[in-house]
Amino acid sequence: MRRTLNPFILLLFAIPFLGCQKKKVAYDVPPWILSMVEDSKNTGIETDFSNILSDKRVPYIGFIGSNYQKLKIDILNVQKKDDNLYDVTGVSVVKGNRCNFHGTIDVIENREFNHPTYGVDDSMKGKFKRRGCSIAKYRFEEDSNQRGSGVFSGYLFFYWYETHDNKIVYDDIDDHSDSYCNNQYVGTWQGNRTKKSKPCAWGQYRVPNSGDLDIGAAEFSVNPKYSHNGWEKE
């Protein structure tokens, strides 16, 4: 006679397994981020990401709205408040309308790549301890006293690597690659007056979740059908 296992016993076996599955990516992050953290694992790290988050080697490229209206973002200052939270000030410009914003970046997960690459001709091989990335949430509130102000909120993704003297620095190892990008923001903007939301995104070198806006191969290049939305001045 075949014996069947008690359902309660089966549940005891299943619970630990499900727990391990959830640890793969600890937070309910959007698909565009999940695609960028493949072949990585959760990692511990104690550092100040301010220098990476405030990096100005290239200006941010961004859009707002379904018509891909050009959005200019300038991060003016980033200061660490505690282990994961950063205080941020900056400026946004849309159609010549300028708003000052203040808000936070909350780093929710750090990850390390299992099989990192080493740049052109493996030129960086042996020159770093590990390469990784971080996932964060952001909320930037524009000055409500300024015209056309609102609130930016969403997710941020950025790359870093650790040097042999234990410094965490901006990862530009693959900046030769056509698809290279860093400090990628995706979310929405909600107007203070209208309460209507618009999709928005910005980043360095490339714009995440930008549909057919970017038709460039070696670098960002605006699709001509959107050039009249503030991009003709590029």
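All residue numbers in this chain count up from 1 along the given sequence.
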### Task
Indicate yes or no: at least one non-hydrogen side-chain atom of Ile75 is less than 4.5 angstrom from one of Leu53.
no
### Message
Check for me, please, whether Trp189 and Val93 land in the same ILVMFWY cluster - side-chain distances under 4.5 Å, paths through other members count.
### Response
no
### Query
Does any non-hydrogen side-chain atom of Ser153 lie less than 4.5 Å from one of Thr188?
yes
### Message
So, taking the atom named NZ in Lys81 and the one named CG in Asp87, what distance separates them when rounded to the nearest 0.5 Å?
### Response
5.0 Å
#### Entry: Within one Ile-Leu-Val-Met-Phe-Trp-Tyr cluster: Ile173 and Val169, side-chain cutoff 4.5 Å
yes
### Message
Could you report the tightest heavy-atom contact between Arg57 and Tyr205, atom names first, then the distance?
### Response
CD-OH, 3.6 Å
### Query
Quick one: are the ring centres of Tyr138 and Phe140 less than 6.0 Å apart?
yes
#### Entry: Spacing of OG1 belonging to Thr163 relative to NZ belonging to Lys127, to within rounding of 0.5 Å
13.0 Å
### Query
Side-chain contact, heavy-atom cut-off 4.5 Å: Val94 with Lys198?
no
### Message
Restricting to non-hydrogen atoms, name the atom on Glu142 and the atom on Cys99 that form the minimum distance, rounded to 0.1 Å.
### Response
OE2-CB, 3.6 Å
### Query
After noting the C-alpha distance and the side-chain angles of Glu162 and Thr47, does the key distance pass the side chain to side chain contact (heavy atoms under 4.5 Å, CB included) rule?
CA-CA 10 Å; Glu162 184 176 9; Thr47 191; over 6 Å; no
### Message
Can you tell me if Asp121 has over 12 outside heavy atoms packed within less than 6.0 Å of its CG?
### Response
no
### Query
So, the side chain of Gln146 versus the backbone of Asn100: is there a donor-acceptor pair under 3.5 Å, distance only?
yes
#### Entry: Ring centroid separation Phe152 to Trp202 under 6.0 Å
yes
### Distance (rounded to the nearest 0.5 Å) between Arg111 CZ and Ile33 CD1
11.0 Å
### Message
side chain to side chain contact (heavy atoms under 4.5 Å, CB included), that's the test. Do Val222 and Leu213 meet it? Break it down for me.
### Response
CA-CA 6 Å; Val222 177; Leu213 173 66; 4.1 Å; yes
### Task
Flag the pair Asp212 / Lys225 as yes when at least one side-chain heavy-atom distance between them is below 4.5 Å, and no otherwise.
yes
### Query
So does Asp74 pair up with Lys56, basic N to acidic O under 4.0 Å?
yes
### Summary
Between Arg139 and Glu141, the two heavy atoms sitting closest are NE-OE2, 3.1 Å
#### Entry: Side-chain donor-acceptor contact under 3.5 Å, Asn192 with Ser144
no
### Task
Report whether Tyr180 and Leu156 are members of the same hydrophobic cluster (ILVMFWY, side-chain heavy atoms less than 4.5 Å apart, transitive linking).
yes
### Val78 side chain near Phe49 side chain, heavy-atom distance below 4.5 Å
no
### Task
Give a yes-or-no answer on whether the side chains of Asp143 and His102 include a donor-acceptor pair shorter than 3.5 Å.
no
### Task
Determine, for Arg131 against Asp174, whether the closest basic-nitrogen to carboxylate-oxygen distance falls under 4.0 angstrom.
yes
### Query
Honestly curious: do Phe158 and Trp32 fall in one hydrophobic cluster under the side-chain, below-4.5 Å linking rule?
no
### Task
Specify the closest pair of heavy atoms between Gly62 and Trp231, including all atoms of both residues, with the distance to one decimal.
O-CH2, 3.1 Å
### Task
Go through the steps for Asn166 and Lys129 under the test side chain to side chain contact (heavy atoms under 4.5 Å, CB included), then give the verdict.
CA-CA 8 Å; Asn166 304 315; Lys129 293 175 67 174; 2.7 Å; yes
### Sub-6.0 Å ring centroid separation between Tyr159 and Phe157
yes
### Task
For residues Ile73 and Tyr185, determine if any side-chain heavy atom of one lies less than 4.5 Å from a side-chain heavy atom of the other.
no
### Query
CG/Asn51 to OH/Tyr170 distance, rounded to the nearest 0.5 angstrom?
12.5 Å
### Message
For the backbone of Arg147 and the side chain of Asn97, can you confirm whether one donor and one acceptor N or O come within less than 3.5 Å of each other?
### Response
yes
### Query
Just by distance, with hydrogens left out, do Asp106 and Thr104 show a side-chain donor and acceptor under 3.5 Å apart?
no
### Query
According to the interplanar angle, ranging from 0 to 90°, do the rings of Phe128 and Tyr161 count as parallel (below 30°), tilted (30 to 60°) or perpendicular (above 60°)?
tilted
### Task
Go through Ile61 and Asp214 one step at a time and tell me if the side chain to side chain contact (heavy atoms under 4.5 Å, CB included) criterion holds.
CA-CA 11 Å; Ile61 311 166; Asp214 182 4; over 6 Å; no
### Message
With heavy-atom distances below 4.5 Å as the criterion, would you say the side chains of Met36 and Cys181 are in contact?
### Response
yes
### Nearest heavy atoms of Trp160 and Ser134, plus distance in Å
NE1-OG, 2.9 Å
### Task
Answer whether the closest heavy-atom distance between the side chains of Asn183 and Ile52 falls below 4.5 Å.
yes
### Query
Donor-acceptor pair, Glu112 side chain versus Lys41 backbone, under 3.5 Å?
no
### Task
Please say whether more than 12 non-hydrogen atoms of neighbouring residues, nucleotides or ligands are located less than 6.0 Å from CD in Gln190.
yes
### Closest heavy-atom pair and its distance - Gln184, Val207
OE1-C, 4.1 Å
### Query
Take atom NE2 in His115; do more than 12 heavy atoms of anything else shown fall under 6.0 Å from it?
no
### Query
Less than 6.0 Å separating the ring centroids of Tyr226 and Phe63?
no
### Message
Is there a continuous path of hydrophobic side-chain contacts, each under 4.5 Å between heavy atoms, that joins Phe220 to Ile215?
### Response
no
### Query
When rounded to the nearest 0.5 angstrom, what distance separates CD1 in Ile45 from CD1 in Ile168?
3.5 Å
### Summary
Rounded to the nearest 0.5 Å, the CG atom of Asp171 sits from the CG atom of Asn182 at a distance of 7.0 Å
